[in-house]
Amino acid sequence: MSVKCRNCNFELIEVVDFGKMPISNAFLDRSDFSNEYFYNMTATVCKNCYLFQLLEQPDPKMLFHENYAFFAGTSNSMQKHFSELSDELFNKYQLKKDDLVVEIGCNDGGVISYLKDKNHFAHLGVDPSKNVYEKSKEKGINMMNKFFDINTSNEIVKEKSKAKIFISLNTLAHISNINSVFEGIESLLNDDGVFISEDPYLFDVLEKVSYDQIYDEHVFIFSVTSMNNLCNKYGLNLYDLKYLNTHGGSMRYYVSKNKSLPKTNNFNYFFNKEKNIHSEGMRCYDNFNLNCIKSKTNLTNFLNEQSNKKVIASYGATSKSTTIFNYCNINTNQIKYITDTTPTKINKFSPGTHIPIYDYDYFTNNKPDICFLGAWNHSNEIFIKEKNNFSLNGKWMTHTPDAMFINDF
Ligand code: TYD
């Protein structure tokens, strides 16, 4: 394999070949089946800086556009998460009236919507997807409809000011021109500025075999090691970390422009843990590949056996389930339908394997025997809701690390 690391230009090592994949969020009509776009999805890791990345990413314009299918506002737990971080910004960094807070990928509101609600008007959201950008504008949030890079950063400094806080929640992992993004962050931040980023954590993905975190939008899955390497390259100081349970295990990175801020115990703990793992070479990545293959066989056998006798539906038309269903060749032979509350997904078909997506009323009127938890990252919220609403005739199931029924629902 000759393609080089997007960060440091060193050789990439293949970790898992997932085969042909459609665009993860491109829910489609029957008439689009014959024109569907596929690419080869291969996960790799850099031998030098350990940045875990896709070998090939479809053109970002195919992923983030006027019909972007995800609205963060549909998730109550994410809203709570945003609100808590907005409180932290006020308490920990003593935000003053004119301190600019920039959030990239703020979708239909993000953290800055809570800043706006608390009358902090020096905020700016940057999102390339037109539909979510417009939703945010309607709410009165200051917005820019752009991809973030060094040019956008220069434009913000020119038109507004430098920033005190730069936030990226589940966004940095989506942007392939990572060098231009880091250059942009470095030049946008004030001397006492802080960059806060969170994304799914690589070592959770590897340990939990949650390979479905890997899809077109996630061109990178960061570890503390790879994030630290990136920060060092751009003269930024990754000084603290917060482990989060969101999205099946995420890491929040606190990065200061001030290089003399000391590293916290939390940083040292995770940094040294990863150093020990990497002292065994590429073993953790080889194991992940074997575990993915094992998980695929296990899930396919499980669903084939159960679908002989039972109706199986999936809950949540997620990007993650696009990876699972395509990697494991799961279609309507095993899963009869998917239910989802997002208007733009309802009455469409899932990418690649073309499972129909129905609304929540259909689900409650056609309770399946088995419900596959496609949106497992929202399991707490879903279980609370479903416990109150109705009990399933049968059982809930998950795929990771092995296909199994969930007993403590
Ligand atoms: P998301 O968390 O964005 O996962 P991914 O990044 O893998 O696409 O998607 C969650 C999906 O689940 C979203 O389409 C909304 C849906 N959903 C429901 O249908 N009902 C619910 O109660 C919850 C919490 C989510």
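Position 1 is the first residue of the sequence; numbering continues from there. Counting starts at 1 for both ligands and their atoms, following the listed order.
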* Asked: Is the shortest N/O to N/O distance between T342 and ligand 1 below 3.5 Å?
  -> yes
* Give the numbers and elements of all ligand 1 atoms closer than 4.0 Å to a heavy atom of A375. => 12 (O)
* Structure fact -> If we number the atoms of ligand 1 from 1 as shown, the ones under 4.0 Å from a heavy atom of K345 are 13 (C), 14 (O)
* To do: Please check if the distance between the ring centroids of Y243 and Y269 is under 6.0 Å.
  => no
* Does D369 come within less than 4.0 Å of K309, counting only side-chain N to carboxylate O? -> no
* To do: For E134, enumerate each residue passing the side-chain hydrogen bond (donor to acceptor under 3.5 Å, both in side chains) test, keeping only those at least two apart in sequence or located in another chain.
  => none
* Asked: Looking at D216, T322, T318, which one forms a side chain to side chain donor-acceptor pair (under 3.5 Å) with S24?
  -> D216
* **Heteroatom proximity flag, S319 to ligand 1, N/O under 3.5 Å** => yes
Under 3.5 Å, side-chain donor or acceptor atoms of residues 288-295 against the rest of the protein: list the pairs with distances, not counting sequence neighbours.
{"unit_1": "N291", "atom_1": "ND2", "unit_2": "N287", "atom_2": "O", "d": "3.2"}
{"unit_1": "S295", "atom_1": "OG", "unit_2": "P401", "atom_2": "O", "d": "3.4"}

* Numbering as shown, the atoms of ligand 1 that approach K385 to under 4.0 Å (heavy-atom distance) -> 20 (N), 21 (C), 22 (O)
* Could you tell me whether E88 and R252 have a side-chain N and a carboxylate O separated by less than 4.0 Å? => yes
* May I ask you to check whether H247 has an N/O atom sitting below 3.5 Å from an N/O atom of ligand 1? => no
* Does E381 reach ligand 1 with a nitrogen or oxygen that is under 3.5 Å from one of the ligand's nitrogen or oxygen atoms? -> no
* To do: Closest by any non-hydrogen atom to atom 7 (O) of ligand 1: pick that one out of H218, M78, K320.
  => K320
* Asked: Heavy atom under 4.0 Å from ligand 1: found in N377's side chain, backbone, both, or neither?
  -> side chain
* **Verdict with supporting geometry, K137 and N145, side-chain hydrogen bond (donor to acceptor under 3.5 Å, both in side chains)** => CA-CA 10 Å; K137 290 268 295 182; N145 184 212; over 6 Å; no
* Picking from H247, K242, H81, what satisfies side chain to side chain donor-acceptor pair (under 3.5 Å) with E198? -> H81
* Check each atom of ligand 1 against the heavy atoms of G316 and keep those under 4.0 Å away; list them by number with element. => 12 (O)
* Asked: Should you measure from each heavy atom of H378, which atoms of ligand 1 turn up under 4.0 Å away?
  -> 1 (P), 2 (O), 10 (C), 24 (C)
* Asked: Among Y215, W376, Y315, whose heavy atom sits nearest atom 20 (N) of ligand 1?
  -> Y315
